[in-house]
Student: 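My structure is below; once you've seen it, I'll send some questions.
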Amino acid sequence: MRRRLYLMRHGEVAYFDADGRPVAPDEVSLTDDGIRQAEAAGELLADVRLDRVIASGLPRTMETAALVAPHVEIEVWPALQEIKGARLSSIPPDELEETFVHAFRGVVPLGKRFLGGETIGALFDRVLPALDRLVADEGWDTVLVVAHGAVNRAVLSYALTGERVFLGHFEQAAGCVNVLDVGSEWIVRAVNVSPVDPAHTSTRLTTMERYWEQYRRA
């Protein structure tokens, strides 16, 4: 029998405050839109019996998980925190847009640093052991994991290829749900399901393109 993994990205956040000042990525909370996205995901999964709920421990994943599954205790797995970037001021100004917008372009090399910070290989080094630990525990049938865009890409890429290959074009909308089954092998059933916008009509920008626009305005 296959077991089911619902893999979510947290709801929408704002990395700049109303005055245009940057907010520390590890401290941002859900916006009003992010709360609506999480509530919509909760409605989508309302009839699903979740044995476990796991979040990265950052506020945006904890808030999302609590809204989606309010009656299940949240386990904190820091290994699933988002890939770490360096300070944007450390990137040469003439390279900043390219570095930002194309952070997840194509098959991303393991040695590539995300915004000058953590490498894709280092991301795999912590995410895959956590995934293996989850799969090795046979005490659950259905689990919800609330994580982040790059983390989800790493999991989806590994599930499809069985290798440390990072497929950057797996777009992950805020509050989206991915559906994977695991048995003797991984089965990817659904990717980037947005409960509030199933047809993805609200934008044609990638997440990184939207964040770049926010950064420029700020």
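Heavy-atom basis, side chains included; hydrogens, waters and symmetry copies ignored.
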Student: Please determine whether residues M62 and V177 belong to a single hydrophobic cluster, defined as Ile, Leu, Val, Met, Phe, Trp and Tyr linked transitively by side-chain heavy-atom distances below 4.5 Å.
Tutor: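 Cluster IDs for M62 and V177 match.
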Student: Using the rule that Ile, Leu, Val, Met, Phe, Trp and Tyr join whenever any side-chain heavy atoms are under 4.5 Å apart, tell me whether L44 and V191 fall into a single cluster.
Tutor: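 L44 and V191: separate clusters.
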Student: Supply the atom-to-atom distance L96 CG to L115 CG, rounded to the nearest 0.5 angstrom.
Tutor: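 Going from the CG atom of L96 to the CG atom of L115 covers 8.0 Å.
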Student: How far apart are the closest heavy atoms of G149 and E82, and which atoms are they?
Tutor: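 Looks like N-OE2, 3.3 Å.
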Student: For a 4.5 angstrom cut-off between non-hydrogen side-chain atoms, does T206 reach V101?
Tutor: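 No, too far: nothing below the 4.5 Å cut-off.
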Student: Under a single-linkage definition using a 4.5 Å side-chain heavy-atom cutoff for Ile, Leu, Val, Met, Phe, Trp and Tyr, are V182 and V179 assigned to the same hydrophobic cluster?
Tutor: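 They do not share one cluster, since no chain of ILVMFWY contacts under 4.5 Å joins V182 to V179.
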Student: Are a donor atom and an acceptor atom from the side chains of Q172 and N178 found within less than 3.5 Å of each other?
Tutor: yes
Student: Name all pairs fulfilling the ring-ring contact (aromatic ring centres under 6.0 Å, His included) condition that reach into residues 27-64, sequence neighbours left out, sorted by first residue then second.
Tutor: none
Student: So, using salt bridge (charged side-chain N to carboxylate O under 4.0 Å, His left out) as the criterion, who are the partners of R164 when residues are at least two apart?
Tutor: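 For R164 the salt bridge (charged side-chain N to carboxylate O under 4.0 Å, His left out) partners, ignoring immediate neighbours, are D125.
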Student: Is T31 close to Q37 at the side-chain level, that is, under 4.5 Å between some pair of heavy atoms?
Tutor: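 They are not in contact (no side-chain heavy atoms under 4.5 Å apart), so the answer is no.
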Student: For E171, enumerate each residue passing the salt bridge (charged side-chain N to carboxylate O under 4.0 Å, His left out) test, keeping only those at least two apart in sequence or located in another chain.
Tutor: R153
Student: To check you understand the geometry: which heavy-atom pair defines the closest contact between A40 and V196, and what is its length?
Tutor: CB-CG1, 3.4 Å
Student: Side-chain heavy atoms nearer than 4.5 Å, only ILVMFWY residues, links allowed to pass through others: does that put L5 and V76 together?
Tutor: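 The answer is no; the residues belong to distinct hydrophobic clusters.
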Student: Which atom pair, heavy atoms only, marks the closest approach of V108 to G168?
Tutor: CG2-CA, 4.3 Å
Student: I need the full list of ring-ring contact (aromatic ring centres under 6.0 Å, His included) pairs touching residues 156-191, with sequence neighbours left out, sorted by first then second residue.
Tutor: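 Counting only pairs at least two positions apart or across chains, the ring-ring contact (aromatic ring centres under 6.0 Å, His included) contacts touching residues 156-191 are F104-F166.
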Student: Counting C-beta onward and ignoring hydrogens, is there a side-chain heavy-atom pair between V13 and L30 closer than 4.5 Å?
Tutor: yes
Student: So, for N192 and C176, which heavy atoms are closest and what is the spacing to 0.1 Å?
Tutor: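 Between these two residues, the closest heavy atoms are OD1-CB, 3.3 Å.
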Student: Take V72 and L144, measure what side-chain contact (heavy atoms from CB on, under 4.5 Å) needs, and give me the verdict at the end.
Tutor: CA-CA 10 Å; V72 183; L144 169 68; over 6 Å; no
Student: Looking only at heavy atoms, what is the nearest atom pair of I74 and A66, with distance?
Tutor: CD1-N, 3.7 Å
Student: Could you work out, with salt bridge (charged side-chain N to carboxylate O under 4.0 Å, His left out) as the rule, every residue matching E118, not counting sequence neighbours?
Tutor: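 For E118, the residues satisfying salt bridge (charged side-chain N to carboxylate O under 4.0 Å, His left out) (neighbours in sequence not counted) are R126.
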Student: Using a 4.5 Å cut-off on heavy atoms from C-beta on, say whether the side chain of L88 contacts that of F100.
Tutor: yes
Student: If a pair satisfies side chain to side chain donor-acceptor pair (under 3.5 Å) and one of its residues is in residues 93-112, list it, with sequence neighbours excluded.
Tutor: E98-H102, H102-R105
Student: With the 4.5 Å side-chain cut-off for hydrophobic clustering, are L80 and V143 part of the same group?
Tutor: yes
Student: Using atom types as modelled, flag every donor-acceptor pair under 3.5 Å from a side chain in residues 48-56 to any protein atom, sequence neighbours excluded.
Tutor:
| unit_1 | atom_1 | unit_2 | atom_2 | d |
| --- | --- | --- | --- | --- |
| R49 | NH1 | D51 | OD1 | 2.2 |
| D51 | OD2 | D141 | N | 2.8 |
| D51 | OD2 | T142 | N | 2.8 |
| R52 | NE | E75 | OE2 | 2.8 |
| R52 | NH1 | D137 | OD2 | 2.9 |
| R52 | NH2 | E75 | OE1 | 2.8 |
| S56 | OG | L58 | N | 3.3 |
| S56 | OG | T61 | OG1 | 3.0 |
| S56 | OG | H148 | NE2 | 2.8 |

Student: List in chain and number order the residues that pass side-chain contact (heavy atoms from CB on, under 4.5 Å) with V165, two or more places apart in sequence or in another chain; answer none if no residue qualifies.
Tutor: V107, T161, E163, L167
Student: Could you tell me if the side chain of S29 sits less than 4.5 Å from the side chain of E63, heavy atoms only?
Tutor: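 They are in contact (side-chain heavy atoms under 4.5 Å apart), so the answer is yes.
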Student: Which residues pass the side-chain hydrogen bond (donor to acceptor under 3.5 Å, both in side chains) test with R189, sequence neighbours left out?
Tutor: D181
Student: My understanding is that only one of V146, V193, N152 makes a side chain to side chain contact (heavy atoms under 4.5 Å, CB included) with M8; could you say which?
Tutor: V146
Student: Using the side-chain hydrogen bond (donor to acceptor under 3.5 Å, both in side chains) criterion, which residues pair with S202? Sequence neighbours excluded.
Tutor: D197
Student: When the side chains of residues 210-218 are checked against the rest of the protein, which donor-acceptor pairs come out under 3.5 Å, sequence neighbours left out?
Tutor:
| unit_1 | atom_1 | unit_2 | atom_2 | d |
| --- | --- | --- | --- | --- |
| R210 | NH2 | E12 | OE1 | 3.3 |
| Y211 | OH | R9 | NH2 | 2.9 |

Student: What distance do L45 atom CG and E43 atom CD have between them, rounded to the nearest 0.5 Å?
Tutor: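 If we round to the nearest 0.5 Å, L45:CG and E43:CD are 10.5 Å apart.
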Student: Do any pairs count as a ring-ring contact (aromatic ring centres under 6.0 Å, His included) and have a residue in residues 59-83, sequence neighbours left out, and if so which ones?
Tutor: none
Student: Roughly how far apart are L131 CG and L180 CG, rounded to 0.5 Å?
Tutor: 9.0 Å
Student: Indicate the atoms forming the closest heavy-atom contact of V188 with A159, along with that distance.
Tutor: CG2-CB, 4.0 Å
Student: Is any side-chain heavy atom of L110 closer than 4.5 Å to one of T119?
Tutor: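 Answer no - side chains too far apart.
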